[in-house]
2 protein chains.
Amino acid sequence: MPTKTAAQQRAEAKMAYNAYVAACPSRQLLDSISDKWVTLVLASLAEGPQRYSELARRLAGVSQKMLTQTLRKLERDGMLTREVTPSVPVRVDYELTPLGASLHTVVLQFKTWAESHMDDVIAAREAYDVAGAVSA
Amino acid sequence: MPTKTAAQQRAEAKMAYNAYVAACPSRQLLDSISDKWVTLVLASLAEGPQRYSELARRLAGVSQKMLTQTLRKLERDGMLTREVTPSVPVRVDYELTPLGASLHTVVLQFKTWAESHMDDVIAAREAYDVAGAVSA
DNA sequence: CGGGATCCCTGCTGATACTG
DNA sequence: CAGTATCAGCAGGGATCCCG
């Protein structure tokens with residue numbers, strides 16, 4: 001069945017490439033960061049340790065599922081610590097680790113770049129959209 | 001129907017928050033960057049102008065749909081220029097703009113951080129997983 | 001109060017086929 | 001060669017319920 005050779009080769013190349021990409025540290029980091037809530041949790045916790053419910057309030061709009069998921073992920077990655085106080089109403093405090101704080105620094109750099117260049121991007125978008133509207 | 005008030009309030013809060021988040025420049029940038037292929041296209045084009053087919057080859061594993069989509073998005077954001085040469089076999093060249101190059105710089109910083117801290121992250125993950133396995 | 005488990009649905013992604 | 005349009009599959013994300 002030589003007809004499938006091309007497709008198979010493509011599939012192999014793709015898998016190899018995906019493996020390569022998946023192994024890339026920056027890719028992994030990027031995948032982490034790109035999670036919608038990661039940066040927000042980071043930003044919130046950068047201001048000091050916080051309880052679960054406080055995070056939930058500050059990040060209004062996040063479902064508790066996503067919040068928990070995000071927190072667990074960050075905990076697993078060593079970005080924050082989770083401390084449970086088994087009082088009658090359970091109390092859980094989250095705090096950034098040095099690693100997490102470090103990551104937050106990088107995110108902040110990102111933010112800085114965004115704030116100083118976003119005008120250009122927006123301008124470019126408008127120009128692009130206008131040009132498209134003309135030809136349409 | 002006062003029974004829905006709570007849900008509605010949640011919905012409103014969520015929408016307001018989403019709007020707030022969507023308006024944040026760093027959020028927008030992050031959304032752009034987090035696109036799987038954006039950084040790769042950036043990295044590839046950082047080495048010089050390239051044709052569509054060349055990009056497709058270098059970024060093996062990307063579907064032409066995603067590639068085109070990514071390119072158009074970046075073009076719209078003023079990150080790269082698209083030059084069409086209407087020869088018999090059509091030829092299209094892509095080139096990074098200064099803005100795109102600038103963005104690539106930031107991504108590179110990101111990469112640097114990732115490479116120097118990913119060990120810690122991986123170590124943290126393993127420690128976390130082991131601890132979890134013990135209690136399971 | 002914190003969070004695990006489940007269901008459901010949207011939308012992103014990829015494969016295929018067609019145009020200029 | 002470059003790109004668009006359509007279709008189908010799947011995972012991410014949200015809402016809800018329930019447990020400690």
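Quick note: numbers below take in every heavy atom, side chains included, and nothing from hydrogens, waters or symmetry partners. Numbers restart at 1 for each chain; the letters A, B, ... are given by sequence-line order, proteins then strands.
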| request: Kindly point out which of C:dT13, D:dG14, C:dG3 is positioned nearest to the side chain of B:Met66? | output: C:dT13
| Residues B:Lys73, B:Asp77: salt bridge by 4.0 Å N-O rule | no
| request: Can you measure from CG (A:Leu40) to CG (A:Leu45) and round to the nearest 0.5 angstrom? | output: 11.0 Å
| message | Please report the distance, rounded to the nearest Å, between CG in B:Asp35 and P in C:dC12. | response | 9 Å
| Within this structure, what is the NZ-to-P distance between B:Lys73 and D:dT4, rounded to whole angstrom? | 16 Å
| Any side-chain heavy-atom pair from A:Arg76 and B:Asp129 closer than 4.5 angstrom? | yes
| field | Rounded distance (Å) that lies between atom P of C:dG14 and atom CG of B:Leu59 | value | 12 Å
| What is the distance, rounded to the nearest whole Å, between atom CG of A:Leu71 and atom P of C:dG4? | 10 Å
| query | For B:Val92, which contact category applies under a 4.0 Å heavy-atom criterion: base, sugar-phosphate, or nothing? | reply | sugar-phosphate
| Do the ring planes of B:Phe110 and A:Phe110 sit parallel (below 30°), tilted (30 to 60°) or perpendicular (above 60°)? | perpendicular
| task | Decide yes or no on side chain to side chain contact (heavy atoms under 4.5 Å, CB included) for B:Val92 and B:Arg82, but give the supporting numbers first. | result | CA-CA 7 Å; B:Val92 183; B:Arg82 189 180 109 109; 3.8 Å; yes
| Side chain of B:Lys65: nearest nucleotide among C:dT13, D:dA2, C:dG3? | C:dT13
| So, is A:Tyr94 close to the C:dG3 phosphate, meaning a side-chain N or O under 4.0 Å from OP1 or OP2? | yes
| query | Is there side-chain contact between A:Arg27 and B:Thr39, with heavy atoms separated by less than 4.5 Å? | reply | yes
| What integer distance in Å separates B:Leu40:CG from C:dT13:P? | 13 Å
| field | d(CG, A:Leu67; C1', D:dG13) in whole Å | value | 13 Å
| note | Terminal axes of the helix from C:dC1-D:dG20 to C:dG20-D:dC1 (5 end pairs apiece), angle rounded to 10 degrees, sit apart by 40°
| task | Using atom CG of A:Leu74 as one end and atom P of C:dG3 as the other, report the distance to the nearest whole Å. | result | 13 Å
| note | Among C:dG3, C:dC1, C:dG4, the one nearest any side-chain atom of A:Arg51 is C:dC1
| query | In terms of side-chain heavy atoms of A:Gln64, which of D:dA2, D:dC17, C:dC1 is nearest? | reply | D:dC17
| message | Side chain of A:Arg72, heavy atoms from C-beta onward: which of C:dG2, C:dG4, D:dG14 has the nearest atom to it? | response | C:dG4
| query | For the atom pair NE2 (B:His117) and OG1 (B:Thr112), what is the distance rounded to the nearest 0.5 Å? | reply | 10.0 Å
| Rounded distance (Å) that lies between atom P of D:dG14 and atom CD of A:Gln69 | 9 Å
| field | Minimum-distance nucleotide (side-chain atoms of A:Ser53 versus C:dC1, C:dG14, D:dA2) | value | C:dC1
